[in-house]
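As structure tokens, the structure follows; a few thoughts come after it.
Throughout, protein chains are lettered first and strands after them, A, B, ... in sequence-line order, and every chain is numbered starting at 1.
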Number of protein chains: 2
Amino acid sequence: MTNSCLVAKLGKFASLSEGDSAMLEALERDEREYRKDQLIQRRGNPIDEMFVVKSGWLTSFSVLDDGRRQLLRLFFSGDIVDLSNVALTVSQHDIKALTPAVLCPFPKSGLEPLFHSSPRLTALLFSMTVRENATLLGRIRAIGRFNAYERLCYLILELGSRLRLAAGHQYAPDGFRIPLTQSDIADLLGLTNVYVSKTMSRIEKDGLIERHGNRIIICEPKRMQNICEFEDSEQIDTSWFPLR
Amino acid sequence: MTNSCLVAKLGKFASLSEGDSAMLEALERDEREYRKDQLIQRRGNPIDEMFVVKSGWLTSFSVLDDGRRQLLRLFFSGDIVDLSNVALTVSQHDIKALTPAVLCPFPKSGLEPLFHSSPRLTALLFSMTVRENATLLGRIRAIGRFNAYERLCYLILELGSRLRLAAGHQYAPDGFRIPLTQSDIADLLGLTNVYVSKTMSRIEKDGLIERHGNRIIICEPKRMQNICEFEDSEQIDTSWFPLR
DNA sequence: CGAATGCTTGAAGCTTATCAAAGCTGGTGG
DNA sequence: CCACCAGCTTTGATAAGCTTCAAGCATTCG
């Protein structure tokens, strides 16, 4: 049994050899702790390291000159922050901790051995990236064409799905905790905190969810899935992967 | 000199060996022609092949039950359609030709030799994917937090940038042609065709662009870049790439 | 206990959507 | 070569959804 978050996550999608696991574990050799709200990466700074998330929630976001803010993505256990940076020399956006977090920093060159000696693991990493890509397309659809009610349903289902996957496909009867303020949610979905509040109340009144603090229970997953045409696609196609 | 669109595009970002070029060329062995508006892939269908775009414009899009539509991405020369599908067994969205197009189909397994025998080329392909990802994040920011005026400026600059890259970094004094209707543009940006029309007129009246049919000339790139905080990041970081 | 932060609720205003009709343009056939 | 047609664009009027502003309430934390 490993305590590597990457192995835990990637292992859900494809079998990993001893060597593959060892390479992933190497990326998590160091640990660094961050407190809530601590800035992890600043826009415009050179990118010299990336991170594996061991615990906690992070977000990358972009702030416009006049203060408008857009949250771009959420990272948690087993995610690599920010793999998008692998192609860049300078960070495009800010990243901060939404909760206390433990990260494992590694240099960009840490990926080189992986690309060099395990085509199969590389294909897996590639597929994960492409899959995140599909998640972003879903968000574009939601922000571009959904009203506030639909967007919130979508976000709740998406987070529920990701958290269930991280927790090993279990449905949690007591729901899940979302460490986001309503302003954060607004900035994720292109809304305002005020309207998020009003719309969440409506969703709750309609019996789709229950709220207890920032813990959410999804009461009517089917109805919610219909509302925002949400489909859970958790598996990836490994059929074309190199054998090793 | 090759006539491979992939080699032409990828070669702009990193040097390619003979072998690498040959592998890319192999993906373009077959050609298939599509007429304008022809459907190339249908949502829900199994994914058995992907395509290199030789010429023409394509779009992937999602249609909701009530007819609302969101264009997700545009593909043109040298792009792989739809690399996002590599991780999936079933297509998540529809893809169609916006203009007459020539595509080179190849099976998903066509990627296997590439992953197997060229870590360097794989790293490049990975970086391209991650870079597209950054483009999507830019669109999320635009749709989530920009008003219609800003969104349109953003789209025009983004297309200008991509087309200049495809054309070898040349500024075209006579602008560029965008084979999109205003309804298409609206569906890309989360607006309506009517409002796109009104806002485009305003952008033109303000002297930022000139329009001649669907050809656009960017008159004041600097001012437009300020309006939507657009930054052109065309290069990728190859410093960590495996040597071969 | 007080201060800070976040949530809720209400009222007014603005951006964008919707509906409708007229103008334009490019392609086709006579 | 002109006339027509279909699809696209433009323009105007009205309406909806969301934002902004503002005040009160709840919860947490030192």
Counting any heavy atom closer than 4.0 Å, what does [X] reach on the DNA or RNA strands: base, sugar-phosphate only, or nothing?
X: B:Thr192; answer: base
X: A:Val194; answer: base
X: B:Arg68; answer: nothing
X: B:Thr181; answer: sugar-phosphate

Any side-chain N or O of [X] under 4.0 Å from OP1/OP2 of [N]?
X: B:Arg151; N: C:dT16; answer: no
X: A:Gln182; N: C:dT5; answer: no
X: B:Tyr195; N: C:dA17; answer: no
X: A:Arg211; N: C:dT8; answer: yes

Give the minimum heavy-atom separation between B:Ile80 and B:Phe75, together with the two atoms involved. O-CE2, 3.8 Å
Show the nearest heavy-atom pair for residues A:Lys96 and A:Phe61, with the distance to one decimal. CG-CE2, 3.6 Å
Side chain of [X] - closest among [options]:
X: A:Leu191; options: D:dC18, D:dT20, C:dT8; value: D:dC18
X: B:Lys198; options: C:dA11, D:dA13, D:dC18; value: D:dA13
X: B:Ser197; options: D:dT9, C:dC7, D:dA13; value: D:dT9

Report the distance from atom CZ of A:Arg145 to atom P of D:dC18, rounded to the nearest whole Å. 13 Å
Rounded off to whole Å, could you give me the NZ-to-C1' distance for the B:Lys36 and C:dG27 pair? 13 Å
Check the side chains of B:Ser84 and B:Arg73 for a donor-acceptor pair under 3.5 angstrom, ignoring hydrogens and angles. yes
When B:Thr199 and A:Asn193 are each assigned the nearest nucleotide of DNA chain C, the 5'-most assignment goes to A:Asn193
Side chain to side chain contact (heavy atoms under 4.5 Å, CB included) evaluation trace for B:Val53 with B:Val81: CA-CA 7 Å; B:Val53 182; B:Val81 180; 3.4 Å; yes
